[in-house]
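Notes follow the structure.
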Amino acid sequence: MDTEEFRVRGKEMVDYICEYLENLGSRRVTADVEPGYLKELIPSEAPAQPEPWDDIMADVDNKIMKGVTHWQHPRFHAYFPSGNSFPSIIADMLSDALGSIAFSWIPEREGCNLTDVADETLAASPVCTELETIVLDWYAKALALPQEFLHYSPGSRGGGVIQGSASECILVSMLAARAQAIKYLKLDRPEADDSEFLPQLVAYCSTESHSCVEKAAMIALVKLRILDTDDNCSLRGETLRKAMKEDEENGLMPFFVSCTLGTTSSCAFDNLLELGPVCRSRPCVWFHVDGAYAGNSFICPENRHLMKGLHHADSFNTNPNKWLLVSFDCSCMWVRDRVKLTSALIVDPLYLQHKRSDETIDYRHWGIPLSRRFRSLKLWFVFRRYGISGLQEYIRNHCRLAKKFEELVRKDERFEVVNDVKTGLVCFRLNGTDRLNQDLLANINASGKLHMIPSLVKGRYIIRFAVTAERETDDDIDHAWEVIQEHATDLLNSYKIKAETMAKPPPLARKLSRRLSFTRSVSREVFRRSLSRSSLHDGATPIIVPDDEDNFPDNEEEVFTSIDEEKDFA
């Protein structure tokens, strides 16, 4: 493809994208395919000769689109938002065109000697680093983060960096915490190898934390202790204090705490005001705060009460690619002391050194990969095109629509809301068994009219309804509730008929469950074993329901609320 063909095909692709997004509402939300469907449609080997562009695009429509779950669809209410906007798409196009690998800041100056090893990497592109430090400060100020997290704040040793995901943010902060803890322990045993201290180290999170904390602990080869939350799914300071004291008495060393502002399951908020002082009372504990989704809402002043206590944190992350109209990947992470972070990750082979390394930021020392895309362009474009006021309007609309949906649910006595709705997520369920709610969700998802996912909150199966689309409207919320009510009525009526004949309700079709519901049924024995694991739930984790919930309960009140009363299920 030469320049002229690219000019034509590029404009065609812009038109294709515009048409796709404008007409997305007419498509089915979820893919209607079976595992391995694409293998039957695409050759097993790459073509030996170039193929016409029109044939490629025809296959996009006829083969690729069949397997797409449309995350930007106004009826998509699963997971959290997948940030996207035209300014972000354009910024990604420009980043791809520049093709800069932004691992370090290298000075360009007159008379530089390119034979000098220290200056051989000029192509790393200084502006990538310069812009990232600036827009991360922009965003930190917009969120009202502590001044210690800014690059350009008097006396600050901190700063921000763009990572690929919240999982990376938690991993690198845990690695930094591990390095600091080992350094502390080596004061008494300087001759010991670093690995000798690993069995002593223990990290902490709550049962509501994302599973990436568990994965980070596995990679770091440290113990992870998962703590219970209160009735509001919030981790409290006294729970953490008791756990740390118990571990210290057993010869272990607390070194890392990951808490959450806006959990995946129910968007609950840990109590930073209590947790922070507990962490500070220990000699070497890194306190990380994960605000991947809800942290973006702090751009609105009325939501900042949810971040009280953040001044205790050593690091904080939030994902603009979730709830700030920035396309994936873009996870922003700030640290109070960048030296503590980089000292755990620094590598300095000769070919990467330069004369002003002490004066500049080298982001290759701030994360796992050496190579980095020019991701700050996306933030810069979005901030400039929307402005803070436009982004606040977007967040506030999602919060308003979630409260509207909550009100609709509460008006129907068949349902209950199970979380404190503070952002754009509403967790609800039918009054009844987990199996009843699993069937409801599977039937809704199978219809292709909506897409939602389940989770567990305090051991109960719940359905998550997330406001996700950029231009979500009241009509979208009304439509979603109509679909949910319709399926609930059909399901309850079928259960009622079977209750009257004392029949067992038919098991959920395996095809339906596998394809859409993110649930599966197992034996009671397997179910009990699953509860003994330390695994944390996130949006990708199957929710297990025991087989014996297929049986109609002895007490009909477990399925129906006040079945004695004459209810109009229609």
Side-chain angles (χ1 to χ4, degrees), residues 104 146 148-149 151 155-161 163 167-205 212-225 240-241 243-259 275-290 311-317 333-349 352-353 357-358 360-370:
S104 62
E148 293 86 350
F149 286 154
H151 284 283
S156 172
R157 291 168 54 88
V161 58
Q163 307 281 10
S167 300
E168 289 181 42
C169 296
I170 289 173
L171 174 59
V172 298
S173 61
M174 186 179 289
L175 293 176
R178 188 183 69 173
Q180 293 301 307
I182 292 174
K183 180 180 178 181
Y184 175 81
L185 291 172
K186 290 191 76 168
L187 293 176
D188 293 330
R189 296 172 55 198
E191 75 290 346
D193 187 84
D194 288 1
S195 61
E196 295 182 38
F197 298 105
L198 294 180
Q200 291 181 246
L201 302 182
V202 56
Y204 303 85
C205 70
C212 66
V213 184
E214 188 172 11
K215 181 178 288 188
M218 291 170 58
I219 295 172
L221 298 176
V222 297
K223 295 179 177 65
L224 176 66
R225 185 161 178 182
L240 178 63
R241 186 193 67 77
M244 286 185 170
K245 181 179 179 182
E246 180 180 306
D247 289 335
E248 288 167 340
E249 291 173 350
N250 291 324
L252 300 176
M253 179 181 175
F255 83 104
F256 181 80
V257 174
S258 178
C259 70
L275 297 169
V278 176
C279 295
R280 297 283 77 82
S281 69
R282 264 60 185 181
C284 196
V285 173
W286 185 291
F287 186 32
H288 179 75
V289 178
D290 177 15
H311 60 280
H312 292 298
D314 293 290
S315 53
F316 169 73
N317 72 269
M333 174 184 176
W334 293 268
V335 293
R336 181 180 300 275
D337 189 335
R338 58 179 176 262
V339 175
K340 289 183 178 180
L341 175 66
T342 58
S343 62
L345 302 167
I346 194 166
V347 288
D348 255 324
L352 292 179
Q353 296 175 12
S357 60
D358 293 335
T360 61
I361 296 294
D362 275 353
Y363 277 127
R364 60 194 166 96
H365 302 316
W366 289 58
I368 302 301
L370 169 65

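From a predicted model like this one, the values you see are computed outputs, not experimental measurements. Reckoned from all heavy atoms, side chains included, excluding hydrogens, waters and symmetry mates.
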Side chain to side chain contact (heavy atoms under 4.5 Å, CB included) against S156, all qualifying residues, sequence neighbours excluded: S153
Counterpart residues, side chain to side chain contact (heavy atoms under 4.5 Å, CB included), relative to A177 (two or more places apart): F255, F256, W286
Atom NZ of K183 with >12 non-hydrogen neighbours under 6.0 angstrom: no
Rounded distance (nearest 0.5 Å) linking atom CD of E196 with atom CD1 of I182: 10.5 Å
Approximate separation, where rounding is to 0.5 Å, of C169 SG and W334 CH2: 9.0 Å
From CG (D362) to CG (L345), nearest 0.5 Å: 13.0 Å
Residue pair L240 / C279, side-chain heavy-atom distance below 4.5 Å: yes
Check: L252 main-chain N/O paired with N250 side-chain donor or acceptor under 3.5 Å: no
Between NE2 on residue H311 and CZ on residue R336, distance to nearest 0.5 Å: 8.5 Å
Results of side chain to side chain contact (heavy atoms under 4.5 Å, CB included) for A220 - residues two or more places apart only: M174, L175, R178, V222
pair S173-M333: side-chain heavy atoms closer than 4.5 Å: yes
Residues forming a side-chain hydrogen bond (donor to acceptor under 3.5 Å, both in side chains) with D188, sequence neighbours excluded: none
Which atom of A179 lies closest to which atom of A344, heavy atoms considered: CB-CB, 3.6 Å
Nearest-0.5 Å distance that lies between atom CG in L224 and atom OH in Y204: 10.0 Å
Pair listing, salt bridge (Lys or Arg N to Asp or Glu O under 4.0 Å) test, anchored in residues 337-347, at least two apart: R157-D337
Partners meeting side-chain hydrogen bond (donor to acceptor under 3.5 Å, both in side chains) with K186 (sequence neighbours left out): D194
Derivation and outcome, side chain to side chain contact (heavy atoms under 4.5 Å, CB included), residues C259 and F287: CA-CA 8 Å; C259 70; F287 186 32; 3.5 Å; yes
Those residues that, when tested against S281, pass side-chain hydrogen bond (donor to acceptor under 3.5 Å, both in side chains) (two or more places apart): none
Polar side-chain atom of R225 near backbone of A203 as donor-acceptor pair, under 3.5 Å: no
Main-chain N/O of F197 paired to Q200 side chain as donor or acceptor, under 3.5 Å: no
L221: side chain to side chain contact (heavy atoms under 4.5 Å, CB included) partners, not counting sequence neighbours: L198
Verdict with reasoning, K215 to S167, per side chain to side chain contact (heavy atoms under 4.5 Å, CB included): CA-CA 8 Å; K215 181 178 288 188; S167 300; over 6 Å; no
Test ring pair (Phe, Tyr, Trp, His ring centres under 6.0 Å) applied to H151 - qualifying residues, sequence neighbours left out: W366
Heavy-atom pair of closest approach, residues P254 and V285: O-CG2, 3.4 Å
Inter-residue atom distance S315.OG - I170.CD1, 0.5 Å rounding: 9.0 Å
side-chain hydrogen bond (donor to acceptor under 3.5 Å, both in side chains) against N317, all qualifying residues, sequence neighbours excluded: H288, D290
Side chain to side chain contact (heavy atoms under 4.5 Å, CB included) assessment of V335 paired with D314: CA-CA 6 Å; V335 293; D314 293 290; over 6 Å; no
Shortest non-hydrogen separation from A181 to M253 and the atoms involved: CB-CE, 4.2 Å
Trace of the side chain to side chain contact (heavy atoms under 4.5 Å, CB included) decision for M244 with V257: CA-CA 10 Å; M244 286 185 170; V257 174; 3.5 Å; yes
